[in-house]
Amino acid sequence: MTDYQPGVLESPKPLDIPSFLDSIGVELIEAKVSPDQSIFGEIVFKTTTIEIFDEQNMPQPLEVSKGTIVVDPSIKDFRNQGSYNNTVVHEIVHWLLHKNYQECRMITESGSNTTFVDNPSIDSNYWTQNDWMEWHANSIAPRLLMPKKTTKDKVNQLMTDYSLKFSSDKKTNMFEQIIDDLAEFFQVSRLATKI
């Protein structure tokens, strides 16, 4: 983050995702990536045609340039804005960390994919290279959205603010309020905040 948005490491503030995308040269488009909303996003490593789905869940071809993230906008409706933001940053992690691997793979393996479609759950005793890359993106994205130091600073500020407003028998309510406030402040999901 020091190369792109060092301010988020210095004082509590939400990640400016559009600015982050611009600084790394990645474009964001919204389109339904799967007919059943099982896939939230995809990153394109080489200009190609991908399949998206219209309102009737009919597949449609879409020409997409290298360095494009495609995110299903309905995430905001059936989950929340925080999940949408996490999906975008998740795809950014794939671009920053896995682009070279994917480009080498496309050169050396005939018929290899030009996109990376996220697998929402890794369920296996043997992890493939894609499983490990998915784990990287799942682990790093929330940490980019909520850097450790500045998140602690924001938690301390909220704890100080609320410790006078909540009586000792309402501390559970206070912690729930802090979680809600952090999720709203950093523009992440409530679950990401709890974790």
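Just so it is clear, the structure is predicted and the values come from calculations on it, not from any experiment.
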How long is the straight-line distance from CG of Asn85 back to CG of Leu144, given to the nearest 0.5 Å? 12.5 Å

Heavy-atom check, side chain of Pro142 versus side chain of Met146, under 4.5 Å: no

Evaluate the side chain to side chain contact (heavy atoms under 4.5 Å, CB included) criterion for residues Leu145 and Gln187: first the C-alpha distance (whole Å), next the side-chain angles of each, then the deciding distance (0.1 Å), finally the verdict. CA-CA 8 Å; Leu145 288 161; Gln187 300 171 11; over 6 Å; no

Close side-chain approach of Lys170 and Tyr162, heavy atoms under 4.5 Å: no

Which class fits the ring pair His98 and His136: parallel under 30°, tilted 30 to 60°, perpendicular over 60°? parallel

When you measure from the side chain of Ser163 to the backbone of Thr160, do you find a donor-acceptor pair of N or O atoms at a distance under 3.5 Å? yes

Ser83 side chain near Phe40 side chain, heavy-atom distance below 4.5 Å: no

Between Val64 and Phe53, is there a shared hydrophobic cluster once you connect ILVMFWY residues whose side-chain heavy atoms come closer than 4.5 Å? no

Cut-off 3.5 Å, no hydrogens considered: what does the side-chain donor-acceptor table look like for residues 17-25, sequence neighbours left out?
{"from": "Ser23", "atom 1": "OG", "to": "Ser19", "atom 2": "O", "distance (Å)": "3.4"}
{"from": "Ser23", "atom 1": "OG", "to": "Phe20", "atom 2": "O", "distance (Å)": "2.8"}

Under 3.5 Å donor-acceptor, Asp131 side chain and Thr128 backbone: yes

What do the steps show when you test Ser38 against Asp36 for side chain to side chain donor-acceptor pair (under 3.5 Å), and what is the final call? CA-CA 5 Å; Ser38 62; Asp36 59 359; 2.7 Å; yes

Heavy-atom closest contact (Trp95 atom, Val44 atom, distance): CZ3-O, 3.7 Å

Spacing of Thr150 atom OG1 and Gln157 atom CD [to the nearest 0.5 Å]: 12.0 Å

Identify the heavy atoms of Phe45 and Lys99 that sit nearest to each other, and give their distance. CE2-CA, 3.5 Å

For Ile179 and Arg190, run side chain to side chain contact (heavy atoms under 4.5 Å, CB included): C-alpha distance rounded to whole Å, both residues' side-chain angles, the deciding distance at 0.1 Å, then the answer. CA-CA 7 Å; Ile179 289 168; Arg190 196 168 192 280; 3.7 Å; yes

Minimum heavy-atom distance between Val71 and Ile69, given as atom pair plus value: CG2-CG2, 3.5 Å

Spell out, yes or no, whether Phe78 and Val188 are grouped together once hydrophobic residues are joined by side-chain heavy atoms under 4.5 Å, including indirect joins. yes

Can you give me the closest heavy-atom contact between Asp54 and Gln56, atom names plus distance? OD1-N, 2.9 Å

Just verifying a value: how many Å separate Asn80 CG and Glu184 CD, rounded to the nearest 0.5 Å? 11.5 Å

Heavy-atom pair of closest approach, residues Ala141 and Val93: N-CG2, 4.1 Å

Taking side chain as C-beta onward, heavy atoms only, is Ile140 less than 4.5 Å from Leu96? no

Nearest-0.5 Å distance, CG of residue Leu164 to CE of residue Met174: 10.0 Å

Do Lys152 and Lys149 come within less than 4.5 Å of each other through their side chains, counting heavy atoms only? no

If we only count heavy atoms from C-beta on, is the Asn57 to Lys32 side-chain gap below 4.5 Å? yes

May I ask you to check if Lys154 and Phe186 form a cation-pi contact, with NZ or CZ under 6.0 angstrom from the six-membered ring centre and within 45° of the axis? no

Closest heavy-atom pair and its distance - Val8, Lys13: CG1-CG, 3.8 Å

Min side-chain heavy-atom separation Lys46-Glu103 under 4.5 Å: no

I need the Gln177 CD to Lys165 NZ distance, nearest 0.5 Å. 9.0 Å

Within a radius of less than 6.0 Å around CD of Gln81, do more than 12 heavy atoms belonging to other residues, nucleotides or ligands occur? yes

Look up atom OG in Ser167 and atom CG in Asp169, then write down how far apart they are to the nearest 0.5 Å. 3.5 Å

Is a side-chain N or O of Gln37 found less than 3.5 angstrom from the main chain of Ser74, in a donor-acceptor match? no

With a 4.5 Å limit on heavy-atom distance, are the side chains of Glu42 and His94 in contact? no

